[in-house]
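Everything on this sheet refers to the single structure shown next.
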Amino acid sequence: MPHFEGDVRAPSGARFAILASRWNPRITDALVAGARKVFAEHGVHADAVDVVRVPGAWELPAVAAQLAAGGRHAAIVALGCVIRGDTRHYEQVADGCAEGLMRVALDHRVPVCNGVLAVERHEDAEKRAGGSFGNKGEEAALVAIEMANLMEQLP
């Protein structure tokens, strides 16, 4: 029985995309920096990483769909930060974004790695953007590399 498993070696010539929300810029800029760092550390040249900024997390799935349909990227990393407020808007944006990103991945068969933080407080986001809980941008980029590697192996 064949066994398939990806690793963190980017396929030769692979392009990646980082999509990032501009909302909560102190957090999202740290996430983007973490993702770029991981790509560089794993041999992905800066010219092979497209960075696209969008207004907020709600807009990420539409741009991810456009990029995935273009067929140029081995994987897409989506980064953003949604912080709970006093209304249901938090749930609508966070859940809608996650569902939209999953739909893009399934519809286009391109890995879309969800690095969108959905947190209670700004301090929680800081912990996940280079703080005590690591950097979700770094984690999402590692997943993107591994999934691109795995997708290339599959029959």
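The closest side-chain heavy-atom distance from I76 to L19 is below 4.5 Å. By the 4.5 Å heavy-atom criterion applied to side chains, V77 and F16 are not counted as neighbours. In this structure the side chain of R103 never reaches within 4.5 angstrom of the side chain of E99, judged on heavy atoms. Looking at heavy atoms from C-beta onward, V44 lies in side-chain contact with V49 at the 4.5 angstrom threshold. With contacts defined as side-chain heavy-atom distances shorter than 4.5 Å, the pair R15/D50 qualifies. A heavy-atom distance below 4.5 Å is found between the side chains of L31 and N135. Within the 4.5 Å cutoff, the side chain of I27 has no heavy atoms near those of the R128 side chain. Contact of the S21 side chain with the W58 side chain is not registered, since no non-hydrogen atoms from C-beta on lie closer than 4.5 Å.
Under a 4.0 Å N-O distance rule, the pair K127/E123 does not qualify as a salt bridge. We find that K136 and E139 are joined by a salt bridge, their nearest charged nitrogen and carboxylate oxygen being less than 4.0 Å apart. Under 4.0 Å is where a charged nitrogen must lie from a carboxylate oxygen, and between D29 and R53 at least one such pair does. With salt bridges taken as basic N to acidic carboxylate O contacts below 4.0 Å, one links E91 and R84.
Other residues, nucleotides and ligands contribute more than 12 heavy atoms inside 6.0 Å of the CD atom of Q92.
For the 3.5 Å distance criterion, the side chains of N149 and Q153 qualify, holding a donor opposite an acceptor.
Each of M147 and L67 belongs to its own hydrophobic cluster when Ile, Leu, Val, Met, Phe, Trp and Tyr are linked at side-chain heavy-atom distances under 4.5 angstrom. Linking Ile, Leu, Val, Met, Phe, Trp and Tyr whenever their side-chain heavy atoms come within less than 4.5 Å leaves V143 and I18 in two separate clusters. Criterion: ILVMFWY side-chain heavy atoms under 4.5 Å apart, direct or through other members. Under it, V63 and V112 are part of a common hydrophobic cluster.
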Side chain to side chain contact (heavy atoms under 4.5 Å, CB included) evaluation trace for R9 with E146:
CA-CA 7 Å; R9 289 179 296 177; E146 183 173 344; over 6 Å; no
Does V104 form a side chain to side chain contact (heavy atoms under 4.5 Å, CB included) with V110? I'd like the steps, not just the answer.
CA-CA 8 Å; V104 171; V110 173; over 6 Å; no
Practice problem: Given side chain to side chain contact (heavy atoms under 4.5 Å, CB included), test V116 with L79 step by step and report yes or no. | Solution: CA-CA 5 Å; V116 179; L79 304 172; 5.9 Å; no
Quiz item: Step by step, would you call T28 with W23 a side chain to side chain contact (heavy atoms under 4.5 Å, CB included)?
Solution: CA-CA 7 Å; T28 57; W23 197 258; over 6 Å; no
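Separation of atoms CE (M151) and CG (L154) is listed at 6.5 Å; rounding is to 0.5 Å.
In terms of modelled atom types and a separation under 3.5 Å, the side chain of R36 and the main chain of E138 share no donor-acceptor contact.
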